[in-house]
Amino acid sequence: MCIRDSIYTHLNRPAEAVQVLREAVRNSPDNDQYYLSLALAQLHAGEIGQAYATLRQGLERIPDSGMLNWGLGVALILQGEANRGESYLKKAVDLIPSREITFTTLGIFYYEAGRIAEAREVLQRYAEIFPHGSIDVGKIQETLNAASASDFPENSALSAKAREEFHQLVLMMAEQDR
């Protein structure tokens, strides 16, 4: 990611960041980081459909990019396609198990969907791979232990509120992951 788009994003000027990053993608169409950065800027701007299109375009050129699979999973979940999104998040974990953000995103998705047992499994795997990771596993375990199935709707789709929480958490994590 170049400095200008980072500055624009931090200044809450996603339109300018999108413009700079579109040019970067045009100039370097095989750079998955540019596609991901563009999609994240589009997500900051609330342009989920555009982010989805950007990520699809990137995956056509770079199909084994773990971060593009991660981004597409996020975009699909935000569009209400939880099952498809989950499959891309799982693929991202398999492709780049060395990135904390892939595990944390999948775990947050499971939590927001009320799939506590699966969230625990991801957290356990995260703790094994990242014994000194950046998240407080103990606090998350406490939250998962306090959650019950009755706290969540019975279907696997995320509510609009849960998708918005997921959206905000993912953007925050992506910013820290850079």
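Everything numeric in this text was worked out from a predicted model, so none of it was measured.
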Open item on the list: Checking E112 against I108 for the side-chain contact (heavy atoms from CB on, under 4.5 Å) test, could you report, in this order, the C-alpha distance in whole Å, the side-chain angles of both residues, the deciding distance, and whether it holds?
Closed with: CA-CA 6 Å; E112 292 289 349; I108 288 169; 4.1 Å; yes

Open item on the list: Please evaluate residues R26 and E23 with respect to the criterion salt bridge (Lys or Arg N to Asp or Glu O under 4.0 Å), reporting the C-alpha separation (whole Å), side-chain torsions for both, the decisive distance (0.1 Å), and the verdict.
Closed with: CA-CA 5 Å; R26 259 191 299 281; E23 186 63 29; 3.1 Å; yes

- [ ] Check whether any side-chain N or O of T102 sits under 3.5 Å from a backbone N or O of R99 as a donor-acceptor pair, and report yes or no.
- [x] yes

- [ ] Could you verify whether a donor N or O on one side chain and an acceptor N or O on the other, from E121 and Y110, lie under 3.5 Å apart?
- [x] no

Open item on the list: Just verifying a value: how many Å separate F166 CZ and F109 CZ, rounded to the nearest 0.5 Å?
Closed with: 7.5 Å

Open item on the list: What's the separation between atom CH2 in W70 and atom CE in M173, rounded to the nearest 0.5 Å?
Closed with: 6.5 Å

TODO: Enter the distance from D177:CG to M172:CE here, rounded to the nearest 0.5 Å.
DONE: 12.5 Å

TODO: Would you name the heavy atoms of L158 and A113 that are closest together and state the gap between them?
DONE: CD1-CB, 3.6 Å

Open item on the list: Could you go through R115 and E86, starting from their C-alpha distance and side-chain angles, then the distance that decides it, and tell me whether this counts as salt bridge (Lys or Arg N to Asp or Glu O under 4.0 Å)?
Closed with: CA-CA 12 Å; R115 295 164 60 182; E86 176 187 4; 2.8 Å; yes

TODO: Report yes or no: do Q42 and T54 form a side-chain donor-acceptor pair below 3.5 Å?
DONE: yes

TODO: Provide the closest heavy-atom pair for K90 versus L106 in the form atom of the first, atom of the second, distance.
DONE: CG-CD2, 4.2 Å

TODO: Count the heavy atoms of every other residue, nucleotide or ligand shown that sit under 6.0 Å from CD of E47, and state whether that count exceeds 12.
DONE: yes

TODO: Could you tell me whether a side-chain N or O of Y35 sits under 3.5 Å from a main-chain N or O of P29, the two making a donor and an acceptor?
DONE: yes

Open item on the list: Quick check against the 3.5 Å criterion: does R84 have a side-chain atom that pairs as donor or acceptor with the backbone of G73?
Closed with: no

Task: For F103, ring-ring contact (aromatic ring centres under 6.0 Å, His included) partners two or more places apart - done: F130

- [ ] State, with a plain yes or no, whether a side-chain heavy atom of N145 is found less than 4.5 Å away from one of R120.
- [x] yes

- [ ] Could you walk me through whether Y88 and L55 pass the side-chain contact (heavy atoms from CB on, under 4.5 Å) test, one step at a time?
- [x] CA-CA 11 Å; Y88 281 96; L55 293 159; over 6 Å; no

Task: From CG (L76) to CD1 (I48), nearest 0.5 Å - done: 11.0 Å

Task: Closest non-hydrogen atom pair, G66 against A92 - done: O-CB, 3.3 Å

TODO: Grab the two heavy atoms, one from A39 and one from A51, that are nearest each other, plus how far apart they are.
DONE: O-CB, 3.5 Å

Task: K161/E165 salt bridge by N-O under 4.0 Å criterion - done: yes

Task: Least distance between heavy atoms, N69 atom then L59 atom - done: ND2-CD2, 3.6 Å

Task: Any residue meeting salt bridge (charged side-chain N to carboxylate O under 4.0 Å, His left out) with R22, in chain and number order, not counting sequence neighbours - done: none

TODO: Measure across L144 and A119 and return the closest heavy-atom pair with its distance rounded to 0.1 Å.
DONE: CD2-CB, 3.9 Å

Task: Hydrophobic cluster membership, L89 vs L95, 4.5 Å side-chain cutoff - done: no

Ignoring hydrogens and angles, write down the donor-acceptor pairs under 3.5 Å from the side chains of residues 135-142, residues two or more places apart or on other chains.
{"unit_1": "D136", "atom_1": "OD1", "unit_2": "G138", "atom_2": "N", "d": "3.2"}
{"unit_1": "D136", "atom_1": "OD1", "unit_2": "K139", "atom_2": "N", "d": "3.2"}

- [ ] Show your working on side-chain contact (heavy atoms from CB on, under 4.5 Å) between R125 and I129 and close with a plain yes or no.
- [x] CA-CA 6 Å; R125 190 168 166 206; I129 294 172; 4.0 Å; yes

- [ ] Tell me yes or no: between the side chains of E100 and Y126, is some donor less than 3.5 Å from an acceptor?
- [x] yes

TODO: Would you confirm whether S28, through its side chain, and V25, through its main-chain N or O, come within 3.5 Å as a donor-acceptor pair?
DONE: no

Task: From CD (E164) to OG (S159), nearest 0.5 Å - done: 10.5 Å

- [ ] Hey, could you give me the NE2/CG distance between H44 and L171, rounded to the nearest 0.5 Å?
- [x] 4.5 Å

